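Note on naming: letters A, B, ... go to the chains in the order of the sequence lines (proteins, then strands), and numbering restarts at 1 for each one. Note that the structure is predicted; figures quoted are calculated from it, not measured.
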Amino acid sequence: MPKIVLTDVTKRWGGFFGVDHLSMEIEDNGFVTLLGPSGCGKTTTLRMIAGLETPTSGKIQIGDKIVFDSEEGINVSAANRHVGFLFQNYALWPHMTVYKNITFGLQELKDDMPLIDSAYLKYLGLSNTVLNVVDIKKFLGYAVDKKGKVDKDKALLFLIDGFKISMSAAKELFDLHLDEKSIEEAKSISEAKSKEFLDKANAIKAQDEAKGIHLNEKGEYIDEQGSVIHKVRKLDKEEIDLRVRHVARIVHIGEFMDRYPSELSGGQQQRVAIARTLAPGPKVIFMDEPLSNLDAKLRLEMRSELKRLHMDTGSTFVYVTHDQQEAMTLATRICLINNGVLQQYEPPLDVYKKPNNLFVADFKEGISS
Amino acid sequence: MPGASVKKERSPIFKIVRRGATKTFTFLGVPANSILVFFAFVLLLLNIYPLFTLVVSSFSVQAANSVPVSDWDVTVWNIWDLGEREYAALGSPTGYYWWTILVSSDLATGFFWLPLARSLLVSVFACIFSIVFGGIMAFLITRSNMPFKKFIGAIFIFPYIMPQWTLALFWKNFFITTNFTAYGGELQALTGLIVPDWMVYGWFPIAMVLGLHYTPFSYILIGGVLQNMDSNLEEAATILNIPRWKRFTRVTIPMLKPALFSTILLVFSSAMSSYSVPTTLGNPVNFYTLATQMKSLIEGSGGKNIGSGYAVAIVLILIGVVMLIMNQLQTGSRKQFTTVTGKSGQISKRNLGKVGRWVIGVVASILVAFVCIGPMVSFFLESLLPNSGDFSNGLSFKAWISKEPIGNASAGYVGLLFEPRVWQALRGSVLLSLACGLLAGLCGLLIGYAVSRKRKSALGIVVNNVAFFPYLMPSVALSLIFMMLATGIGIPATSATFGIFVVMVIVGVIKYIPFASRTSLNAMLQLSEEIEEAGMIMHIPWWKRMTRIIFPIQKAAFISGFLLPFISCMRELDLFVFLGSDYFILTRFMFMLEDTGVAALENAANFLLIVIILGANYLVNALTGASMDKGIGGGK
């Protein structure tokens, strides 16, 4: 999987070296922080790996693909490096709602994926979900407003997050209006509905069969041997919605979907930015001082959030910061840079206990013990 | 692996070629790069090549029997006494034309030095006037509690949107006296006042009209800075207890300096090269400026002096180039400050006093209304007069609706609304402006984008400057150059063919690319690059990033980039004086009417044109929020 290798990477502006012959290797699934005083070249390094900046010379490899090589004249554009990038100022598109911000990239995502019939999956899933009458009633109950009426938008969100379903599926559940019924009534309705959903799912399956398409129980297309058919394709609407809801749950932004970035607080914007970065499921995620705009409390919270994300996603994280403490707590390895030159690249405790040189020794003093 | 062994045997030359190809491919794969390469090529070709032709032409004999082989410095009037002279062959190299305008004892003064002095005089006064008037209005609107700001802000831009020479005509309509025409102008008709002749024709009215035309321009530039300037800068001085006048001269004025400087440069060079205003207000009293002198050299004397005209055109261009270089030095200097911080919420407004504010407000409103709405009133009134300036015969709508020929019978013009040639010209103008607006806007958008992304690269700097160059290239000179080119490839320049339409579109696009590219560059620079990069990272293709992310966010600014060329083209005359027939576009048509003696018709047509232009401006403004005067508004 993606291991990032930098060989002799240099960025020069006239006579000024932004990054000076940097060679390093970022192991797969690592959490590496690029640490150093401001203006030392850490952001430049990150942007070069992501393809947003062109190195003057050197070689960069992501996974087994060479994305930049000045010798050979190779320079894969950022769009084709398949990485995620979290910008310092979030770079949310101000004219799009949160939902649109996240889906815009997903609509463009093209990958080798199993072919699936999401309509079939939806109804199959619904036929099970609808039987959880107690839970449905509970979620609807959460959405009761002061006047005792169920707020539809809120209710839908609770259903989406509670059952991990899409918006269209949530609407089907909501339209049963189970909150207005007694338990017994609701149960009988839901049982009937469950059958109806199952019939629908089976009807879809039958239709597919008629077209010569075979589905397995996960809704994936299979060939005669029973193996799943993969194809380079885009995501369909239902899949996109499910993904958005999934990342929204991770960073708790479900309720902001229809807002514009300017209507969110800094911390909320940041979470939207994270969701947008995570949604396409990149194997490598770059972060450029993502917490520097947040207040102290939120910063601490987000720190542990990021750590959790790293474990959950299993992606490689490269993280730029000038905050020693942040680097120490988050990283599996710290890459300490000064004036564009690599000073030390080792796990946090080694950097702390065995500084390579005076600069490292001095810089780690910033860490409160 | 067989593939690997083959690879090893490749010759070093193959490797170099392959590497070069990969590099080129990667380089051009970045949209900004390929846009820059394309425009560097096209713009250099369209700017440099014609210029080159012009220079060559000025150094070669342009008409048979016009350039003597020897005895250049023989007084023109004596030429006939010399009997048969020997003339240089057509097309042979000669320095005669330059000699006539720079050195010749009897020609140079009239051909060049006097017009140059007049141009300088007019331009300097136009500059001073526009900066003082525009600056005061900008200050009053952004920094004082003067009333009627909204009204003034709404109409103050009009003189800039109107064609230059319509203002000149307004001046003439208003101030002309019985010394020149049978009935005099509106002022005389209404008050009996007869102004001195120098106020009617000559340097003073030309300078005033040009100054008025460019006043909104300096008002926008200065007002923009005043409004967006971080008030903390001034407040910091206040806190330090620095007296008000010192604060103004040491903090505010220096902050304004870049805006003032570019206003001066642009107004000065535009005034230098203006053609239509000096024609209207100078020609009747033989007051020629460089631009009008050039035209008469080229078209007069049976083409004998055409080369001297080219030489004058080159001087005009050189002046433009010097201005561009000065502007470049200024903007390149380290004293270029960002005045827009976005944190200018509470600008302290100067209190003009309880009585003072109303007095100033009323005076300013009347003044502005006279300059901005006056022309329309005047044109409409005059369009109703059977004889120009004669109010005694009552008013009639003949010039608008008559189906019988009016005025000079030989021209055979019927009322404006039924005159087919008017409608034909209007159609021509709209088509031309649409084509120019769309193309120039699109080119400007792409150039602005590409330059903003690569503004530190050599290519980016080249394209940025070459795209801006035509701004300071005098319109008349540009028109002349393309007339030469068109004639060169066999398109008769004064025809009404599709060929000449294409040439006019090309000229228009070149001329207006500077507006469009500056507008879009500014819009791009306001937009953090991260916004696009976020899309790039998410595999969103370039055209989609442009159409779905960048364009929608800066919609108003970008649309201004399309609107500016459109409206500029609708009111353009100088740029097309040498191109197309008289009936081809509305401005040319109206300018020609000036000579046919149907003043009422001409005034009606002027009124129509202004209404169309203001209407278009208003429409786009209402639809998109974009407008020519975006950035400063009254009432805020």
Most contacts with chain B, counted as non-hydrogen pairs under 4.5 angstrom, among A:His95, A:Met96, A:Gln107: A:His95
Side-chain donor/acceptor of A:Arg271 to backbone N/O of A:Gly266, under 3.5 Å: no
Max heavy-atom pair count under 4.5 Å with chain B, selected residue of A:Tyr90, A:Phe85, A:Phe87: A:Phe87
Side chain, backbone, both or neither of A:Thr54 within contact of chain B (heavy atoms, under 4.5 Å): neither
Pair A:Tyr319-A:Glu326, side-chain donor/acceptor within less than 3.5 Å: yes
Presence of salt bridge, B:Glu532 and B:Arg453, under 4.0 angstrom: yes
Geometric cation-pi criterion A:Arg276 and A:Trp93, 6.0 Å radius, 45° cone: yes
Donor + acceptor pair across side chains of A:Glu72, B:Thr22 (<3.5 Å): no
Residue part contacting chain B, namely of A:Phe104, when any heavy atom lies under 4.5 Å: both
Most chain A-contacting option - heavy-atom pairs closer than 4.5 Å, from B:Thr24, B:Val30, B:Ile537: B:Ile537
Contact origin within A:Leu92 toward chain B - heavy atom pairs under 4.5 Å: backbone
Options B:Met536, B:Met538, B:Glu533, ranked by heavy-atom pairs under 4.5 Å with chain A, top entry: B:Glu533
Top of A:Asn89, A:Asn80, A:Leu86, A:Val76 for chain B proximity - count of heavy-atom pairs under 4.5 angstrom: A:Asn89
Heavy-atom check, side chain of A:Ile74 versus side chain of A:Lys59, under 4.5 Å: no
